[in-house]
Amino acid sequence: MKIATFNINNINKRLGNLLEWLAASQPDVVCLQELKSADGQFPAKALEAAGYGAVWRGERTYNGVAILARGAEPVLIRRALPGDPNDQQSRYIEAAVNGVVVGCLYLPNGNPQPGPKFAYKLAWFERLISHAAGLLALDVPVVLAGDYNVVPTDQDIYASRSWSKNALLQPQARQAYRRLLDQGWTDALRTLHPDAPIYTFWDYMRERWPRDAGLRLDHLLVSPTLKGRLVKAGVDRDVRGAENASDHAPAWIELTEPGAGRRSVSGRRAPS
DNA sequence: ATGTCCTGTACAACAGGA
């Protein structure tokens, strides 16, 4: 089971890029962010023709999240992050697919900081931490995937000082991400590739893609029940180099099927 | 401070977000 997250940066503007990547990468589940599309403009028909069922929460111009499932309809659980009924921004959707609960999130960017936008980012993070604790308590397989708008450590950005004041790197944001992991979540890409530089975002400005001046902002966190099923993880970097590309590239993980490799047909432990 | 890309407003550039 392959699960991906991709900040598409306007799903209608980049529908061709998305369909091309879906055909090439064949993910079973996709979390999309920054649809920048109202609910009624979501390209459900084109995605269905490509073999994907979808649930989404759009918003005109900004934000917007969706979960796609190959050959299936995601079972919607919620279309908002609990904790603030007055929060109107479309940044969270959750659905079950093939026995896995998938939370798709677009955490606020938070710039400029300090200021109200950074305060909103930190408050949103607190709500996510609370909700994530509740998900862990269910003791079911969960993936929390999306654009966290956090560079977790200095390992997750090219050598640069130009981002030091940016909300993506601030200690409060990094600490919140660390607190989330400390609940028991596994950062799949970093865990499978402990020493490699991994980037998922390259700013449009200043030749950042040709220079490979990237940041790791898009993360897939898996619950303890899924950690043992994690076999592979990566970033489809070439997507960023295409014509009309989003400024993010898709990140993905592969999970073994439930129970696979743990027990043989006879019921005894299978050799590993 | 700058750079890039894109949308919405509203009809030409500019504000805003990322």
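Reminder, nothing fancy here: chain letters follow the sequence lines and each chain counts from 1.
- Nucleotides B/dA1 and B/dA12, compared at atom C1', are 26 Å apart to the nearest Å.
- Around the CD atom of A/Q155, the shell of radius 6.0 Å holds more than 12 heavy atoms that belong to other residues, nucleotides or ligands.
- Residue order along DNA chain B, read from the 5' end via each residue's closest nucleotide, puts A/N244 first among A/N244 and A/D247.
- Note: CD (A/E34) to P (B/dC6) measures 13 Å, nearest angstrom.
- Judged by distance alone, the side chain of A/R14 and the main-chain N or O of A/I8 form a donor-acceptor pair under 3.5 Å.
- For the pair A/S162 and A/A245, nearest-nucleotide mapping onto DNA chain B gives the more 5' position to A/S162.
- Taking atom P in both B/dA10 and B/dG16, one finds a spacing of 14 Å when rounded to whole Å.
- Atom CZ of A/R208 is separated from atom P of B/dG3 by 13 Å (rounded to the nearest Å).
- Rounding to whole angstrom units, CH2 of residue A/W209 and C1' of B/dG3 are separated by 19 Å.
- The hydrophobic cluster containing A/V29 also contains A/L255, counting ILVMFWY residues as joined when their side-chain heavy atoms lie under 4.5 angstrom apart, directly or transitively.
- Looking at A/H131 and A/E94, their side chains do bring a donor and an acceptor atom within 3.5 Å of each other.
- In this structure, A/E207 places its CD atom 8 Å from P of B/dT4, rounding to the nearest Å.
- Between B/dA15 and B/dC11, the two P atoms lie 15 Å apart (nearest whole Å).
- A/K36 and A/N9 form a side-chain donor-acceptor contact under 3.5 Å, judged by distance and modelled atom types alone.
- If you take CG of A/D203 and P of B/dG17, they are 16 Å apart, rounded to a whole angstrom.
- Protein atom CH2 of A/W202 is 16 Å distant from nucleotide atom P of B/dC5, rounded to whole Å.
- For CD of A/E20, the number of neighbouring non-hydrogen atoms (other residues, nucleotides, ligands) closer than 6.0 Å is 12 at most.
- Contact check of residues 6-21 of chain A against DNA chain B (heavy atom, cut-off under 4.0 Å) returns A/N10, A/K13, A/R14.
- A/E59 places no side-chain N or O within donor-acceptor distance of the main-chain N or O of A/Q89, the cut-off being under 3.5 Å.
- The aromatic rings of A/W56 and A/F42 lie parallel to each other, with less than 30° between the two planes, well short of the 60° mark.
- If you check residues 105-126 of chain A against DNA chain B, the residues with a heavy atom closer than 4.0 Å are A/Y106, A/N109, A/K117, listed by number.
- One can place CE of A/M205 at 6 Å from C1' of B/dG3, the figure rounded to the nearest angstrom.
- Of the candidates B/dT4, B/dT9, B/dA18, B/dA18 carries the atom nearest the A/R91 side chain, counting heavy atoms from C-beta on.
- A donor-acceptor pair shorter than 3.5 Å cannot be found between the side chains of A/Y106 and A/W124.
- Taking side-chain N and O atoms only, A/T61 has a distance below 4.0 Å to OP1 or OP2 of B/dG8.
- Shown are A/T153, A/D187, A/T200; of these, the side-chain hydrogen bond (donor to acceptor under 3.5 Å, both in side chains) with A/R216 is made only by A/D187.
- Protein atom CG of A/N166 is 13 Å distant from nucleotide atom C1' of B/dG17, rounded to whole Å.
- For B/dT9, one of the phosphate oxygens OP1 or OP2 lies less than 4.0 angstrom from a side-chain nitrogen or oxygen of A/R60.
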